Amino acid sequence: MFSANDFIPTTYSHSIEGGNFKWSAPSNIALVKYWGKKDNQIPANPSVSFTLNNCKTITKLAFAKKEKQDVFSFDLLFEGKPKEDFKPKIQKFLERIEIYLPFLKDYHFTIDTENTFPHSSGIASSASGMAAIAMNFMSLEKALNPSMTEEHFYQKASFLARLGSGSACRSVKGSVVVWGNQDNIKGSSDLFGVEFPNAIHESFNNFQDTILLVDKGEKQVSSTVGHDLMHNHPYAERRFVQAHENLDKLIAIFESGDLEEFIKVVESEALTLHAMMMTSMPYFILMKPNTLQIINAIWKFRNETKIPVCFTLDAGANVHVLYPENVSAAVLQFIKDELVGFCQNGQYICDEIGNGASSIDN
Ligand code: DP6
(Lines give C-alpha, C1' and ligand atoms only; values in the text may rest on other atoms or scores of the structure.)
Protein backbone atom coordinates (compact mmCIF):
# COMPACT_ATOMS: atom_id res chain seq x y z
CA MET A 1 0.00 0.00 0.00
CA PHE A 2 1.26 3.44 -0.90
CA SER A 3 1.28 6.33 1.49
CA ALA A 4 1.67 10.00 0.64
CA ASN A 5 5.14 9.87 2.22
CA ASP A 6 6.30 7.63 -0.63
CA PHE A 7 6.14 10.72 -2.83
CA ILE A 8 8.53 12.80 -0.74
CA PRO A 9 11.92 12.63 -2.50
CA THR A 10 15.16 12.27 -0.57
CA THR A 11 18.01 13.71 -2.63
CA TYR A 12 18.45 14.69 -6.24
CA SER A 13 21.44 13.39 -8.20
CA HIS A 14 21.56 16.24 -10.73
CA SER A 15 21.21 19.99 -10.74
CA ILE A 16 19.80 22.06 -13.55
CA GLU A 17 19.90 25.83 -14.12
CA GLY A 18 16.99 26.37 -16.43
CA GLY A 19 15.02 25.17 -19.42
CA ASN A 20 11.48 24.37 -20.37
CA PHE A 21 9.02 21.56 -20.85
CA LYS A 22 5.70 21.34 -22.58
CA TRP A 23 2.86 18.88 -22.05
CA SER A 24 -0.72 18.47 -23.14
CA ALA A 25 -3.24 16.79 -20.88
CA PRO A 26 -6.83 15.91 -21.74
CA SER A 27 -10.09 16.38 -19.93
CA ASN A 28 -11.94 13.27 -18.77
CA ILE A 29 -15.54 12.27 -18.28
CA ALA A 30 -16.50 10.24 -15.21
CA LEU A 31 -18.80 7.24 -15.56
CA VAL A 32 -18.92 6.57 -11.81
CA LYS A 33 -18.75 9.98 -10.22
CA TYR A 34 -16.46 11.43 -7.56
CA TRP A 35 -18.68 13.59 -5.37
CA GLY A 36 -17.65 14.09 -1.77
CA LYS A 37 -14.16 14.06 -0.31
CA LYS A 38 -12.19 13.77 2.91
CA ASP A 39 -9.21 15.86 3.99
CA ASN A 40 -6.24 16.16 1.63
CA GLN A 41 -8.27 15.46 -1.49
CA ILE A 42 -9.03 11.86 -0.55
CA PRO A 43 -12.20 10.81 -2.40
CA ALA A 44 -15.19 9.60 -0.41
CA ASN A 45 -15.75 6.93 -3.07
CA PRO A 46 -13.90 5.51 -6.06
CA SER A 47 -14.62 6.80 -9.57
CA VAL A 48 -13.83 5.75 -13.12
CA SER A 49 -13.60 7.85 -16.26
CA PHE A 50 -13.00 7.82 -19.97
CA THR A 51 -10.05 9.96 -20.92
CA LEU A 52 -10.93 12.40 -23.69
CA ASN A 53 -8.86 13.06 -26.78
CA ASN A 54 -9.64 16.52 -28.18
CA CYS A 55 -10.49 18.65 -25.14
CA LYS A 56 -7.02 19.39 -23.82
CA THR A 57 -4.90 21.90 -21.98
CA ILE A 58 -1.43 22.60 -23.39
CA THR A 59 1.00 24.02 -20.87
CA LYS A 60 4.57 25.16 -21.26
CA LEU A 61 6.70 25.47 -18.16
CA ALA A 62 9.84 27.60 -18.37
CA PHE A 63 12.10 27.57 -15.33
CA ALA A 64 15.23 29.44 -14.26
CA LYS A 65 17.25 29.06 -11.05
CA LYS A 66 16.79 31.95 -8.64
CA GLU A 67 18.28 32.98 -5.32
CA LYS A 68 16.72 30.83 -2.63
CA GLN A 69 13.92 32.83 -1.07
CA ASP A 70 11.06 31.65 1.00
CA VAL A 71 8.47 32.43 -1.64
CA PHE A 72 7.14 30.84 -4.80
CA SER A 73 7.95 32.89 -7.85
CA PHE A 74 5.92 32.41 -11.02
CA ASP A 75 4.21 34.20 -13.87
CA LEU A 76 1.00 32.80 -15.21
CA LEU A 77 0.09 33.31 -18.85
CA PHE A 78 -3.12 32.25 -20.55
CA GLU A 79 -2.78 32.09 -24.33
CA GLY A 80 0.44 34.07 -23.99
CA LYS A 81 -1.04 36.91 -21.92
CA PRO A 82 -0.72 37.47 -18.16
CA LYS A 83 -3.75 36.11 -16.33
CA GLU A 84 -3.77 37.34 -12.75
CA ASP A 85 -7.04 35.68 -11.74
CA PHE A 86 -5.58 32.17 -12.29
CA LYS A 87 -2.67 32.87 -9.94
CA PRO A 88 -4.28 32.21 -6.51
CA LYS A 89 -5.28 28.69 -7.59
CA ILE A 90 -1.72 27.96 -8.72
CA GLN A 91 -0.26 29.52 -5.57
CA LYS A 92 -2.45 27.22 -3.47
CA PHE A 93 -1.45 24.24 -5.60
CA LEU A 94 2.26 25.02 -5.14
CA GLU A 95 1.79 25.30 -1.38
CA ARG A 96 0.08 21.91 -1.31
CA ILE A 97 2.69 20.09 -3.38
CA GLU A 98 5.86 21.77 -2.06
CA ILE A 99 6.57 18.97 0.41
CA TYR A 100 6.60 16.53 -2.52
CA LEU A 101 8.65 18.78 -4.84
CA PRO A 102 11.14 20.50 -2.56
CA PHE A 103 12.82 22.31 -5.49
CA LEU A 104 9.83 24.54 -6.18
CA LYS A 105 11.28 27.58 -4.41
CA ASP A 106 14.64 27.23 -6.21
CA TYR A 107 13.23 28.41 -9.54
CA HIS A 108 11.26 31.18 -11.13
CA PHE A 109 8.56 29.62 -13.32
CA THR A 110 6.69 30.91 -16.31
CA ILE A 111 3.57 28.84 -16.84
CA ASP A 112 1.99 29.45 -20.23
CA THR A 113 -1.25 27.62 -20.75
CA GLU A 114 -4.00 27.30 -23.36
CA ASN A 115 -7.02 25.09 -23.95
CA THR A 116 -8.14 23.46 -27.19
CA PHE A 117 -11.77 24.10 -26.20
CA PRO A 118 -13.39 27.51 -25.85
CA HIS A 119 -12.64 29.06 -22.46
CA SER A 120 -16.23 29.96 -21.67
CA SER A 121 -17.68 26.65 -22.84
CA GLY A 122 -18.64 25.53 -19.36
CA ILE A 123 -16.16 22.67 -19.81
CA ALA A 124 -14.09 22.57 -16.66
CA SER A 125 -10.44 23.09 -17.46
CA SER A 126 -9.31 22.20 -13.95
CA ALA A 127 -8.80 18.50 -14.70
CA SER A 128 -6.77 19.00 -17.88
CA GLY A 129 -5.08 22.13 -16.53
CA MET A 130 -3.86 20.65 -13.26
CA ALA A 131 -2.77 17.46 -15.00
CA ALA A 132 -0.73 19.43 -17.57
CA ILE A 133 1.08 21.42 -14.87
CA ALA A 134 1.76 18.27 -12.85
CA MET A 135 3.32 16.58 -15.92
CA ASN A 136 5.68 19.51 -16.41
CA PHE A 137 6.79 19.52 -12.78
CA MET A 138 7.44 15.80 -13.02
CA SER A 139 9.59 16.34 -16.12
CA LEU A 140 11.65 18.77 -14.08
CA GLU A 141 11.90 16.34 -11.19
CA LYS A 142 12.97 13.61 -13.61
CA ALA A 143 15.71 15.90 -14.92
CA LEU A 144 16.92 16.27 -11.33
CA ASN A 145 16.64 12.54 -10.76
CA PRO A 146 17.06 10.75 -14.10
CA SER A 147 16.96 7.28 -12.55
CA MET A 148 13.27 7.73 -11.71
CA THR A 149 11.18 4.88 -13.11
CA GLU A 150 8.42 5.55 -15.60
CA GLU A 151 5.93 4.01 -13.20
CA HIS A 152 6.88 6.43 -10.44
CA PHE A 153 6.83 9.33 -12.90
CA TYR A 154 3.21 8.76 -13.90
CA GLN A 155 2.00 7.73 -10.46
CA LYS A 156 3.45 10.83 -8.86
CA ALA A 157 2.15 13.05 -11.68
CA SER A 158 -1.35 11.76 -10.96
CA PHE A 159 -0.79 12.12 -7.21
CA LEU A 160 0.23 15.78 -7.66
CA ALA A 161 -2.59 16.51 -10.12
CA ARG A 162 -5.06 15.16 -7.56
CA LEU A 163 -3.87 17.73 -5.06
CA GLY A 164 -4.71 20.44 -7.61
CA SER A 165 -8.14 19.05 -8.50
CA GLY A 166 -9.39 15.58 -7.67
CA SER A 167 -10.61 14.61 -11.12
CA ALA A 168 -7.29 15.79 -12.64
CA CYS A 169 -5.61 12.64 -11.36
CA ARG A 170 -7.64 10.72 -13.96
CA SER A 171 -6.21 12.82 -16.84
CA VAL A 172 -2.62 11.54 -16.76
CA LYS A 173 -2.36 8.11 -18.32
CA GLY A 174 -4.64 5.53 -19.90
CA SER A 175 -8.03 5.49 -21.65
CA VAL A 176 -10.10 4.20 -18.76
CA VAL A 177 -8.87 5.40 -15.39
CA VAL A 178 -9.89 4.44 -11.87
CA TRP A 179 -9.25 6.63 -8.87
CA GLY A 180 -10.01 5.40 -5.37
CA ASN A 181 -9.63 2.14 -3.50
CA GLN A 182 -11.81 -0.63 -4.83
CA ASP A 183 -11.26 -4.17 -3.57
CA ASN A 184 -11.71 -5.82 -6.96
CA ILE A 185 -9.44 -3.48 -8.89
CA LYS A 186 -5.80 -4.35 -8.50
CA GLY A 187 -3.55 -1.39 -7.78
CA SER A 188 -6.42 1.06 -7.26
CA SER A 189 -5.63 3.81 -4.80
CA ASP A 190 -7.13 6.86 -3.12
CA LEU A 191 -3.85 8.66 -3.81
CA PHE A 192 -3.69 8.57 -7.62
CA GLY A 193 -5.48 7.33 -10.71
CA VAL A 194 -4.54 4.02 -12.34
CA GLU A 195 -5.27 2.60 -15.76
CA PHE A 196 -8.19 0.21 -15.48
CA PRO A 197 -6.28 -3.08 -15.32
CA ASN A 198 -8.94 -5.59 -16.40
CA ALA A 199 -10.26 -6.61 -19.80
CA ILE A 200 -12.14 -4.04 -21.89
CA HIS A 201 -14.43 -5.29 -24.66
CA GLU A 202 -13.85 -3.96 -28.18
CA SER A 203 -17.27 -2.23 -28.11
CA PHE A 204 -15.57 0.45 -26.04
CA ASN A 205 -12.75 1.07 -28.55
CA ASN A 206 -12.97 4.63 -29.89
CA PHE A 207 -16.03 5.33 -27.78
CA GLN A 208 -17.47 8.72 -28.72
CA ASP A 209 -18.37 11.65 -26.47
CA THR A 210 -20.19 14.56 -28.07
CA ILE A 211 -20.43 17.39 -25.57
CA LEU A 212 -23.55 19.50 -25.96
CA LEU A 213 -22.94 23.00 -24.63
CA VAL A 214 -26.23 23.84 -22.96
CA ASP A 215 -25.05 26.63 -20.71
CA LYS A 216 -21.72 28.32 -20.95
CA GLY A 217 -22.23 30.65 -18.00
CA GLU A 218 -20.43 30.54 -14.70
CA LYS A 219 -21.81 27.79 -12.44
CA GLN A 220 -23.89 29.01 -9.50
CA VAL A 221 -22.31 26.49 -7.14
CA SER A 222 -18.68 25.39 -7.52
CA SER A 223 -17.61 21.74 -7.29
CA THR A 224 -15.64 22.58 -4.16
CA VAL A 225 -18.80 23.77 -2.40
CA GLY A 226 -20.75 20.80 -3.78
CA HIS A 227 -18.22 18.26 -2.48
CA ASP A 228 -18.36 19.94 0.90
CA LEU A 229 -22.14 19.61 1.06
CA MET A 230 -21.72 15.82 1.07
CA HIS A 231 -20.61 16.16 4.72
CA ASN A 232 -23.71 15.58 6.86
CA HIS A 233 -25.71 14.86 3.71
CA PRO A 234 -28.67 12.58 4.57
CA TYR A 235 -27.96 10.16 1.69
CA ALA A 236 -24.16 10.38 1.55
CA GLU A 237 -23.24 7.07 3.16
CA ARG A 238 -25.59 5.07 0.96
CA ARG A 239 -24.38 6.96 -2.09
CA PHE A 240 -20.75 6.14 -1.35
CA VAL A 241 -21.64 2.44 -1.06
CA GLN A 242 -23.58 2.67 -4.33
CA ALA A 243 -20.52 4.06 -6.15
CA HIS A 244 -18.56 0.93 -5.14
CA GLU A 245 -21.44 -1.25 -6.35
CA ASN A 246 -21.65 0.57 -9.68
CA LEU A 247 -17.91 0.31 -10.19
CA ASP A 248 -18.15 -3.44 -9.60
CA LYS A 249 -20.94 -3.63 -12.17
CA LEU A 250 -18.76 -1.73 -14.66
CA ILE A 251 -15.92 -4.22 -14.23
CA ALA A 252 -18.23 -6.94 -15.56
CA ILE A 253 -19.70 -4.65 -18.23
CA PHE A 254 -16.30 -3.59 -19.56
CA GLU A 255 -15.46 -7.25 -19.98
CA SER A 256 -18.73 -8.37 -21.59
CA GLY A 257 -19.37 -5.26 -23.70
CA ASP A 258 -23.02 -5.27 -22.56
CA LEU A 259 -24.02 -1.77 -23.64
CA GLU A 260 -27.54 -2.02 -22.25
CA GLU A 261 -26.15 -2.53 -18.77
CA PHE A 262 -23.49 0.13 -19.39
CA ILE A 263 -26.21 2.66 -20.17
CA LYS A 264 -28.11 1.84 -16.97
CA VAL A 265 -25.09 2.39 -14.75
CA VAL A 266 -23.87 5.52 -16.52
CA GLU A 267 -27.19 7.34 -16.70
CA SER A 268 -28.05 6.39 -13.13
CA GLU A 269 -24.70 7.76 -11.96
CA ALA A 270 -25.31 11.07 -13.75
CA LEU A 271 -28.77 11.50 -12.28
CA THR A 272 -27.60 10.40 -8.83
CA LEU A 273 -24.87 13.06 -8.89
CA HIS A 274 -27.50 15.69 -9.55
CA ALA A 275 -29.87 14.12 -7.02
CA MET A 276 -27.14 14.60 -4.40
CA MET A 277 -27.07 18.29 -5.31
CA MET A 278 -30.83 18.60 -5.08
CA THR A 279 -30.88 16.90 -1.68
CA SER A 280 -28.00 18.87 -0.15
CA MET A 281 -28.66 21.60 2.39
CA PRO A 282 -28.57 24.19 0.94
CA TYR A 283 -29.95 22.43 -2.16
CA PHE A 284 -29.18 23.50 -5.69
CA ILE A 285 -29.86 22.55 -9.31
CA LEU A 286 -27.22 22.77 -12.03
CA MET A 287 -29.29 21.26 -14.82
CA LYS A 288 -31.17 23.67 -17.09
CA PRO A 289 -34.49 23.10 -18.87
CA ASN A 290 -32.59 22.20 -22.04
CA THR A 291 -30.58 19.57 -20.14
CA LEU A 292 -33.87 17.77 -19.48
CA GLN A 293 -35.09 18.31 -23.03
CA ILE A 294 -31.93 16.60 -24.30
CA ILE A 295 -32.22 13.71 -21.85
CA ASN A 296 -35.81 13.07 -22.90
CA ALA A 297 -34.92 13.29 -26.59
CA ILE A 298 -32.09 10.76 -26.10
CA TRP A 299 -34.44 8.36 -24.31
CA LYS A 300 -37.02 8.66 -27.09
CA PHE A 301 -34.41 8.19 -29.83
CA ARG A 302 -32.95 5.16 -28.08
CA ASN A 303 -36.37 3.60 -27.60
CA GLU A 304 -37.29 4.07 -31.22
CA THR A 305 -34.01 3.10 -32.87
CA LYS A 306 -32.47 0.70 -30.30
CA ILE A 307 -29.18 2.52 -30.92
CA PRO A 308 -27.06 2.29 -27.73
CA VAL A 309 -26.55 5.98 -27.07
CA CYS A 310 -26.69 7.46 -23.57
CA PHE A 311 -25.87 10.60 -21.63
CA THR A 312 -23.84 11.60 -18.66
CA LEU A 313 -23.50 14.91 -16.84
CA ASP A 314 -20.74 16.72 -15.01
CA ALA A 315 -21.33 19.26 -12.29
CA GLY A 316 -23.07 21.55 -14.78
CA ALA A 317 -25.81 21.80 -17.38
CA ASN A 318 -23.88 20.44 -20.37
CA VAL A 319 -24.69 16.96 -21.61
CA HIS A 320 -22.09 14.39 -22.68
CA VAL A 321 -23.57 12.06 -25.29
CA LEU A 322 -21.77 8.69 -25.21
CA TYR A 323 -21.95 6.06 -27.96
CA PRO A 324 -19.86 3.44 -29.76
CA GLU A 325 -18.05 4.46 -32.93
CA ASN A 326 -20.09 2.15 -35.20
CA VAL A 327 -23.28 4.18 -34.63
CA SER A 328 -21.58 7.58 -35.06
CA ALA A 329 -23.26 8.52 -38.32
CA ALA A 330 -26.79 7.94 -37.01
CA VAL A 331 -26.13 9.62 -33.67
CA LEU A 332 -24.48 12.69 -35.20
CA GLN A 333 -27.43 13.04 -37.57
CA PHE A 334 -29.80 12.82 -34.59
CA ILE A 335 -27.75 15.45 -32.72
CA LYS A 336 -27.87 17.81 -35.70
CA ASP A 337 -31.58 17.24 -36.32
CA GLU A 338 -32.91 17.20 -32.78
CA LEU A 339 -30.41 18.31 -30.13
CA VAL A 340 -28.49 21.26 -31.56
CA GLY A 341 -31.50 23.49 -30.95
CA PHE A 342 -31.08 22.95 -27.19
CA CYS A 343 -27.41 24.01 -27.26
CA GLN A 344 -26.33 27.57 -26.55
CA ASN A 345 -25.59 29.13 -29.96
CA GLY A 346 -25.97 25.62 -31.40
CA GLN A 347 -22.53 24.67 -30.07
CA TYR A 348 -21.24 21.17 -29.43
CA ILE A 349 -17.81 19.50 -29.34
CA CYS A 350 -17.03 16.11 -30.84
CA ASP A 351 -14.63 14.14 -28.73
CA GLU A 352 -13.72 10.51 -28.17
CA ILE A 353 -11.77 8.31 -25.85
CA GLY A 354 -8.05 9.17 -25.74
CA ASN A 355 -4.86 8.04 -24.05
CA GLY A 356 -3.77 10.67 -21.57
CA ALA A 357 -1.10 13.32 -21.32
CA SER A 358 1.68 13.67 -23.85
CA SER A 359 4.97 15.50 -23.95
CA ILE A 360 5.40 18.06 -26.72
CA ASP A 361 8.82 18.88 -28.12
CA ASN A 362 9.53 22.57 -28.04
C1 DP6 B 1 -18.87 16.04 -10.92
O2 DP6 B 1 -12.41 17.31 -9.48
O3 DP6 B 1 -13.67 19.43 -10.01
O4 DP6 B 1 -16.91 16.15 -12.27
O5 DP6 B 1 -11.33 18.02 -6.32
O6 DP6 B 1 -12.67 20.01 -5.68
O7 DP6 B 1 -11.25 20.07 -7.75
P8 DP6 B 1 -12.08 19.22 -6.81
O9 DP6 B 1 -13.35 18.72 -7.63
P10 DP6 B 1 -13.49 18.25 -9.12
O11 DP6 B 1 -14.88 17.45 -9.02
C12 DP6 B 1 -15.38 16.82 -10.15
C13 DP6 B 1 -16.67 16.20 -9.86
C14 DP6 B 1 -17.41 15.64 -11.05
C15 DP6 B 1 -17.36 14.12 -11.07
C16 DP6 B 1 -16.07 13.47 -11.50
O17 DP6 B 1 -15.36 14.02 -12.38
O18 DP6 B 1 -15.81 12.37 -11.01
Side-chain angles (χ1 to χ4, degrees), residues 25-52 55 57 86 88-90 92-93 96-97 121-134 158-172 176-182 188 190-194 196 209 211 215 218-231 233 236 239-240 242-244 246-247 250 265-278 280 284-287 291 311-320 322 351:
S27 185
N28 69 75
I29 180 67
L31 306 170
V32 172
K33 308 288 181 180
Y34 149 58
W35 198 244
K37 59 177 154 181
K38 306 175 199 164
D39 286 346
N40 302 319
Q41 294 280 107
I42 296 299
N45 64 259
S47 56
V48 64
S49 53
F50 282 155
T51 305
L52 297 185
C55 291
T57 298
F86 284 4
K89 210 171 172 184
I90 302 299
K92 215 171 135 202
F93 180 49
R96 269 198 192 159
I97 63 175
S121 59
I123 296 185
S125 58
S126 62
S128 53
M130 287 298 172
I133 297 183
S158 176
F159 171 86
L160 296 174
R162 183 194 109 239
L163 294 172
S165 178
S167 53
C169 78
R170 299 187 312 239
S171 279
V172 167
V176 180
V177 180
V178 177
W179 168 39
N181 279 325
Q182 172 86 346
S188 61
D190 282 350
L191 297 178
F192 45 80
V194 296
F196 180 72
D209 179 5
I211 308 165
D215 186 51
E218 187 83 1
K219 275 186 287 189
Q220 285 129 337
V221 180
S222 72
S223 287
T224 309
V225 171
H227 284 292
D228 210 36
L229 290 172
M230 288 301 277
H231 293 292
H233 188 293
R239 158 61 198 156
F240 299 146
Q242 180 199 39
H244 284 273
N246 281 341
L247 188 48
L250 275 185
V265 171
V266 168
E267 291 191 343
S268 167
E269 274 289 319
L271 294 180
T272 300
L273 169 70
H274 285 259
M276 291 298 112
M277 299 172 187
M278 288 190 252
S280 297
F284 58 105
I285 300 180
L286 296 183
M287 291 185 288
T291 311
F311 70 86
T312 189
L313 307 166
D314 259 346
N318 295 338
V319 181
H320 289 248
L322 301 176
D351 212 332

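All ligand and atom numbering here is 1-based and tracks the order in the structure. Values reported hereafter were calculated over all heavy atoms of this structure, with side chains retained and with hydrogens, waters and symmetry mates removed. What you see is a predicted model; the values in this text were computed from it and never measured.
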Trainee: Where the side chain of N28 meets the backbone of V172, is there a donor-acceptor pair that is under 3.5 Å apart?
Mentor: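 Checked: no pair found.
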Trainee: So if I count the atoms of ligand 1 from 1 in the order they appear, which ones are less than 4.0 Å from some heavy atom of A315?
Mentor: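 Listed by number with element, the hits are 1 (C).
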Trainee: Nearest heavy atom to atom 18 (O) of ligand 1: which of W35, W179, Y34 does it belong to?
Mentor: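 Among W35, W179, Y34, the closest heavy atom to atom 18 (O) of ligand 1 comes from Y34.
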Trainee: Have K89 and S165 got a donor and an acceptor in their side chains that come within less than 3.5 Å?
Mentor: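 No, no side-chain donor-acceptor pair sits under 3.5 Å.
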Trainee: Donor-acceptor pair, H274 side chain versus A315 backbone, under 3.5 Å?
Mentor: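 Flag not set: sc H274 to bb A315 has no pair under 3.5 Å.
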Trainee: Any nitrogen or oxygen of V32, side chain or backbone, less than 3.5 Å from one on ligand 1?
Mentor: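 Looking only at distances, the answer is no, because the N/O contact criterion of under 3.5 Å is not met.
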Trainee: On the 0 to 90° scale, with breaks at 30° and 60°, tag the Y34-W179 ring pair as parallel, tilted or perpendicular.
Mentor: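 Correct class here is perpendicular.
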Trainee: From atom 16 (C) of ligand 1, work out which of K33, R170, M276 has a heavy atom at the shortest distance.
Mentor: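 Nearest heavy atom to atom 16 (C) of ligand 1 lies in R170.
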Trainee: Does the K33 side chain pair with the main chain of A243, one donor and one acceptor, at a distance under 3.5 Å?
Mentor: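 Answer holds: no.
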Trainee: When you look for heavy atoms under 4.0 Å from ligand 1, do you find them on the side chain of A30, its backbone, both, or neither?
Mentor: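 Under 4.0 Å from ligand 1, A30 contributes side-chain atoms alone.
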Trainee: Taking only heavy atoms of G166, which atoms of ligand 1 are found under 4.0 Å from at least one of them?
Mentor: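 Going through ligand 1 atom by atom, the ones under 4.0 Å from G166 are 2 (O), 5 (O), 7 (O), 8 (P).
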Trainee: May I ask you to check if ligand 1 and N28 share an N or O to N or O distance below 3.5 Å?
Mentor: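 No: no nitrogen or oxygen of N28 is under 3.5 Å from one in ligand 1.
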Trainee: Counting heavy atoms only, which part of L273 comes closer than 4.0 Å to ligand 1: side chain, backbone, both or neither?
Mentor: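 The side chain, only.
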Trainee: State the atoms of ligand 1, each with its element, that fall below the 4.0 Å cut-off from a heavy-atom position in K37.
Mentor: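 Those qualifying, in numeric order: 5 (O), 6 (O), 8 (P).
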Trainee: Would you say that R239 contacts N45 through its side chain, given a criterion of any heavy-atom pair below 4.5 Å between the two side chains?
Mentor: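 Side-chain contact under 4.5 Å: yes.
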Trainee: When you compare the side chain of R96 with that of Q41, does any pair of heavy atoms fall below 4.5 Å?
Mentor: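 In contact.
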